[in-house]
2 protein chains.
Amino acid sequence: MTSIKDLARHLDISIGTVSRALNNKTDVSQETKSKVLKAAAELGYVPNQAGRSLSKGKTNVIGFVLETDSEGMMQGDLFFIRVFDGMQSVLTKRGLNLVALLSPSNVEPEAYLQQIVARRFTDALVLSSIHRNDARINFLNQQGMPFATLGRSLVDGGQPWLDLDFDGVVEDAIARLTQKGHRTIALALPRNDLNLRHIMIESYRKNIAKAGLQLDEDLMIRISPGDRAGVTLVHQLINMPQKPTAVIYSDHILPFGIYRGLADLGLTPGVDLSLIGVGTRLAAFLTPDLTYYRFNLFDLGVRIAEALLTIMDDPTAAEGRPVVRESVPFTFIEGQSIADLT
Amino acid sequence: MTSIKDLARHLDISIGTVSRALNNKTDVSQETKSKVLKAAAELGYVPNQAGRSLSKGKTNVIGFVLETDSEGMMQGDLFFIRVFDGMQSVLTKRGLNLVALLSPSNVEPEAYLQQIVARRFTDALVLSSIHRNDARINFLNQQGMPFATLGRSLVDGGQPWLDLDFDGVVEDAIARLTQKGHRTIALALPRNDLNLRHIMIESYRKNIAKAGLQLDEDLMIRISPGDRAGVTLVHQLINMPQKPTAVIYSDHILPFGIYRGLADLGLTPGVDLSLIGVGTRLAAFLTPDLTYYRFNLFDLGVRIAEALLTIMDDPTAAEGRPVVRESVPFTFIEGQSIADLT
DNA sequence: ATCGAAATCGTAAACGTTTACGGCAATCTT
DNA sequence: AAGATTGCCGTAAACGTTTACGATTTCGAT
């Protein structure tokens, strides 16, 4: 590998000048600048990260922290790539490297995060799978590691966050369902303890009341673990005293299980049970067509990266600083999975 | 952050001794070792990666290089997490950090790889999405970067590789199909230029001949891009002069499209068209049950990591050194997607 | 008591980069 | 023309760690 020292010797100028030339600093003539750039290209010089990190105290690496749940994170799988790509598209322009980090399944996520922070492996982090009381937020704050979160939490770390508008999903879903005559609407809740679950519960309570319906706590069902969650859910719903006519969910895999569960009983989605929830492109494969909400995940990545950059550029951490905190909107995809009961 | 210097001052011993104590070297008494360890724990000392990298010339980081195809890599999505987890489970035991790297969609994968290698961001790499003539292999070899590949290539870099046994999948599938009386068997090929496609073609040719069937090149169909690949494929198959009774594939999403395409035409999988190929747990949601092959991806990650470690531990790159090069076996999952025509 | 070996530790250089500081020459000011 | 300014560059310290080398002490053996 050719180092800056080799470059300096080759050009017979000092190391300092080479460094300034490469970084396009002032205090170096235009002529030497171009000479240095030319030589650097010829010798295939690329700055060594470790050296630069040590000197600047910055690593130029941003970490995207993923969590695996006990299910092996099938849920997050399809989200990850798109968001990552979006983030990277803005970070590379700034010379920042994005890496995905995944806590080993045999290690506590908090312990893993501590390692990363302590060795100063990254300049900043983006956290996903945010919990209602996420201990990581305060931890990162007190460690002085800039970060943003995909999802909001009850604990406020002053960090920028972006959230998928699940609140709006539930609201819109209940509105659509009640308009089509549904009166007994179930809510399928994620099994893990993400804040998402509480957001859905609150939105459900609010909008059920708003629709003038009677709130039945039993209609909020936490889906069971495992691949057969959807199938199990169908059996649960079918056997309830007052059978729900519709179910709202946030898990994009769940409808596959529900379709399967219904098929096993000779029932038809959109007729015997209505479904609406969050979906990905996978939804296009269901018959009859699934009615669902979808999010622009690439855009989500772009925006969270931009939000992260603003707080990194302004390390003063001004108290009153406006910080990005938004729910990104969904788009509604019309299908045939909702029965019209009117 | 507390550095090794702080530790040394706090204990009133030299920096060098502290370092040797922390790294459990000889030449330091058991007594000071424990004193240092204790103080390190108290002060929350964690070695700085940049400093260590600079000194040792090693980063302790292993990169898992993912490729996105034009489809946004839905194909690889579900594979990624499991393999990553498997790799990490063995690498963390060695104090190595695993990160996932994804070339930006607006940057050439080769250029991205060059950056990573040139700045010595990682100690070693694992490449996925291997092409038939993968230029990255020779590049990494000449750069002296240790690596392993998930998938084999025509170009031999002497690196360890692990491959899903697609050859065996096609062989087994043809055997099962012909045993059930199928005579016109289509092969759905991946659209991208992965070596996988050629492996499937070769296995198909060989085993069609072995079964005493007439080879019809038209039966090897490259699936179209986009989400509706399966649907399109059904239409292609239906409209062929001699309609295939079965189709073999390697894309775990494809059967969803095929089921959908058949449903749209009022046809039934396993009756009007038989399917068999590679599947993931998603397959469990299809009705009627899909007949498929599945791989243990966590185990794949474990084994590729172990293979990588062996060549990293033995940097002499002995010519005759035995190197891991295996196809990992599949397990067969019986379903109802194959019609018995006998 | 002397010698050699072993155990233990400190010193300092090295890894590759950035940057504050000072020096020098050329140019500008009056 | 003297002084002030500017442009350009070299020097050297600093970042945090590892490690070769040498120095000192201890200990057992003769």
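Just so it is clear: chains get the letters A, B, ... in the order the sequence lines come, proteins before strands, and each one is counted from 1.
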Applying side-chain contact (heavy atoms from CB on, under 4.5 Å), name anything that partners [X], two or more places apart in sequence or on another chain.
X: A:E31; value: A:S29
X: B:K25; value: B:R20, B:N23
X: A:A41; value: none
X: B:A124; value: B:I62, B:P146, B:L308, B:M312

Using modelled atom types and a 3.5 Å cut-off, is there a donor and acceptor pairing between side-chain atoms of [X] and backbone atoms of [Y]?
X: B:D6; Y: B:S3; answer: yes
X: B:D299; Y: B:N296; answer: no
X: A:N195; Y: A:I130; answer: no
X: B:T310; Y: B:A307; answer: yes
X: A:R152; Y: A:R132; answer: no
X: B:N60; Y: B:L96; answer: no
X: B:S14; Y: B:T17; answer: yes
X: A:T32; Y: A:V28; answer: no

Touch class at under 4.0 angstrom, heavy-atom based, for A:S19 against every strand present: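 The answer is base, as A:S19 lies within the cut-off (heavy atoms under 4.0 Å) of a base atom.
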Which residues in [range] have a heavy atom closer than 4.0 Å to any atom of DNA chain C?
range: residues 10-18 of chain A; answer: A:I15, A:G16
range: residues 114-123 of chain A; answer: none
range: residues 28-56 of chain B; answer: B:V28, B:S29, B:T32, B:L54, B:S55

Nearest 0.5 Å please: distance from the [atom1] atom of [X] over to the [atom2] atom of [Y].
X: A:F84; Y: B:F80; atom1: CZ; atom2: CZ; value: 8.0 Å
X: B:Q88; Y: A:L102; atom1: CD; atom2: CG; value: 6.0 Å
X: A:L164; Y: A:L196; atom1: CG; atom2: CG; value: 8.5 Å

Residues forming a side-chain hydrogen bond (donor to acceptor under 3.5 Å, both in side chains) with B:R94, sequence neighbours excluded: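 B:R94: side-chain hydrogen bond (donor to acceptor under 3.5 Å, both in side chains) contacts with B:D313.
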Whole-Å distance separating the NZ atom of B:K25 from the C1' atom of C:dA6: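 In whole Å, C:dA6 C1' lies 19 Å from B:K25 NZ.
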Between C1' of C:dC21 and CZ of A:R20, the distance in whole Å: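 Between C1' of C:dC21 and CZ of A:R20: 10 Å.
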Polar atoms only, N or O, under 3.5 Å: list the protein pairs with nucleotides 24-26 of chain C and their distances.
none

Covered region of DNA chain D, 5' end to 3' end, by chain B [heavy atoms, under 4.0 Å]: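 Nucleotide range in contact with chain B: D:dC15 to D:dA20.
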Inter-end axis angle, the helix from C:dA1-D:dT30 to C:dT30-D:dA1, with every axis fitted to five base pairs (rounded, 10 degrees):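 Here the local axes at opposite ends form an angle of 50°.
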More than 12 heavy atoms of other groups within 6.0 Å of B:Q142 CD: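 Yes, CD of B:Q142 has more than 12 neighbouring heavy atoms, counting only those of other groups under 6.0 Å.
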Pairs where residues 36-49 of chain A contributes a residue and the test salt bridge (charged side-chain N to carboxylate O under 4.0 Å, His left out) is met, not counting sequence neighbours: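 Found A:K38-A:E42.
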